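Taking it in order: structure first as structure tokens, then the write-up.
The model shown is predicted, which means the values in this text are computed figures rather than measured ones. Just so it is clear: chains get the letters A, B, ... in the order the sequence lines come, proteins before strands, and each one is counted from 1.
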2 protein chains.
Amino acid sequence: MTFKEESTASSLPAPAHQEPLVRTTQRQERVPNKKIIRDLGLKVTNQRLVILEVVREGKAHFTAQDVFETVTARNPEIGFATVYRFLRTLSEHSYVTEVRMGGMPARYEWAAKKHHDHLTCSTCSKIVEFENPEIERLQEKVAKEFGFSLTGHLLELYGVCPDCRRKSAP
Amino acid sequence: MTFKEESTASSLPAPAHQEPLVRTTQRQERVPNKKIIRDLGLKVTNQRLVILEVVREGKAHFTAQDVFETVTARNPEIGFATVYRFLRTLSEHSYVTEVRMGGMPARYEWAAKKHHDHLTCSTCSKIVEFENPEIERLQEKVAKEFGFSLTGHLLELYGVCPDCRRKSAP
DNA sequence: TATGAAATTGAAAGTCATTCGCAACTAGTT
DNA sequence: AACTAGTTGCGAATGACTTTCAATTTCATA
């Protein structure tokens with residue numbers, strides 16, 4: 001079981017702005033943003049680069065609004081339609097995963113990480129990521145039992161986190 | 001593992017209209033709609049009675065729009081605000097469960113049945129209900145592991161149903 | 001069974017996240 | 001540099017609810 005906790009701070013940390021310069025000698029640890037855009041068959045525009053930077057370097061879970069605000073802080077010329085459009089494209093091509101729940105805005109996350117599900121605190125909205133192969137296996141089993149070929153799933157657990165339990169029990 | 005399949009027919013079957021008369025001798029198999037409304041601390045109005053009948057006797061899964069259409073076919077005077085309002089109240093008091101997914105309208109179902117999750121065909125939208133205690137138990141375990149007290153969960157599996165698999169594989 | 005305060009209703013207006021239409025604007029090929 | 005198809009920002013549109021409010025109805029009490 002792996003996990004990663006995350007605070008609920010409202011703004012995204014400012015990611016480093018520059019793409020690695022061609023001439024630097026620093027190691028290229030990951031796929032460059034330009035390559036991602038080209039691989040999608042899209043033109044490389046400044047807005048898409050900025051959105052990608054924010055998405056990849058900001059906090060793990062974000063809404064389109066989060067991205068829009070961070071992006072416009074850097075370049076006020078970018079409209080939210082562009083943010084929504086590009087996030088949709090990214091999610092259609094599995095670069096980000098999109099979770100839409102309730103009447104709330106969709107939450108996204110960069111998907112280049114291992115699959116996981118979420119445990120959300122219904123009091124403070126803190127999100128804990130977890131991964132449980134056993135549950136995954138059982139899901140496959142259920143699908144098979146009904147003759148379905150499983151293509152995806154949504155598993156979100158809701159509860160009260162340790163901090164909030166402590167606060168509410170004096 | 002239990003299950004119940006359901007067709008995707010677009011309209012709700014017309015439920016019998018009358019409340020059991022006081023004088024009939026027929027067995028009272030379930031909580032009367034009037035009692036439900038009173039238990040909620042609400043006034044018994046005709047619109048709430050009609051909505052309850054439709055919800056309890058129509059098909060298992062429905063949207064607010066489904067209910068609104070069936071209800072207005074019976075009594076055109078009922079507005080959709082009333083339907084939405086009452087469905088929300090019912091769901092707040094756990095008489096119906098509400099699942100909101102994607103940008104789609106919320107789906108409801110009468111909750112007086114045993115807990116279950118859903119396996120949905122992403123091609124034809126057929127819904128299969130299933131219940132898997134082992135998965136439930138693992139969810140509790142995950143929550144405990146992170147110190148959360150589990151209050152609820154959402155588990156939806158997506159796949160392609162046997163019918164659709166057959167059709168797509170010639 | 002009258003009465004009236006409080007709850008409820010329908011219609012219309014308001015929200016809110018997201019999407020669309022389109023003229024102006026670019027990236028990237030030629 | 002010119003061309004052209006892909007992109008963009010803006011504002012308007014959409015769709016699913018939600019709220020507002022004046023008119024109506026319920027139901028405890030007289």
Phosphate-side-chain proximity, A:Arg100 and C:dC16, N/O vs OP1/OP2 below 4.0 Å: no

Non-hydrogen side-chain atoms of B:His118 and B:Glu129 separated by less than 4.5 Å: yes

Validation row: B:Asp39, B:Tyr95 side chains within 4.5 angstrom (heavy atoms): yes

A:Thr45 or A:Tyr108, whichever maps to the more 5' nucleotide of DNA chain C: A:Tyr108

Sugar-phosphate, base or nothing in reach of A:Gln65, heavy atoms under 4.0 Å: nothing

Selection from C:dT19, D:dG9, C:dA7 that lies nearest to any side-chain heavy atom of B:Lys43: C:dA7

B:Phe86 CZ to D:dT18 P, straight-line distance once rounded to whole Å: 16 Å

Nucleotide of C:dT8, C:dA17, D:dT8 approaching A:Thr82 most closely (side-chain heavy atoms): D:dT8

Touch class at under 4.0 angstrom, heavy-atom based, for B:Arg85 against every strand present: base

Between P of C:dT19 and CZ of A:Phe68, the distance in whole Å: 15 Å

Ionic contact status for A:Glu109 with A:Arg107, cut-off 4.0 Å: no

Geometric class of the B:Phe80/B:Tyr84 ring pair [parallel <30°, tilted 30-60°, perpendicular >60°]: perpendicular

Residue-phosphate contact under 4.0 Å: A:Gln47 side-chain N/O, D:dG9 OP1/OP2: yes

Out of D:dG9, D:dA16, C:dA11, whichever nucleotide has its closest atom nearest the side chain of B:Ala81: C:dA11

Spacing of A:Asn46 atom CG relative to C:dA27 atom P, expressed in whole Å: 8 Å

Interatomic distance, B:Ile51 CD1 vs C:dT8 C1' [rounded to whole Å]: 12 Å

Length of the line joining B:Leu87:CG and C:dT8:P, which is rounded to integer Å: 16 Å

d(CD, B:Glu98; C1', D:dT18) in whole Å: 13 Å

Integer-rounded Å distance: D:dT8 P and A:Leu49 CG: 10 Å

Whole-Å gap separating P (C:dT9) and CD1 (B:Ile78): 9 Å

Sugar-phosphate only, base, or nothing, as touched by A:Ala106 at under 4.0 Å among non-hydrogen atoms: sugar-phosphate

Touch class at under 4.0 angstrom, heavy-atom based, for B:Arg38 against every strand present: nothing

Plane angle bin for B:His61 and B:His116 - parallel if under 30°, tilted between 30 and 60°, otherwise perpendicular: perpendicular

5' precedence on DNA chain D between B:Phe80 and B:Leu42 (nearest-nucleotide basis): B:Phe80

Under 4.0 angstrom between B:Arg88 side-chain N/O and D:dT18 OP1 or OP2: yes

A:Tyr84 side chain near C:dT18 phosphate (N/O to OP1/OP2, under 4.0 Å): yes

Nearest listed nucleotide, side chain of B:Arg48, among C:dT9, C:dC20, C:dG28: C:dT9

Heavy-atom pair with the smallest gap, counting every atom of B:Ile78 and B:Thr72: O-CG2, 3.2 Å

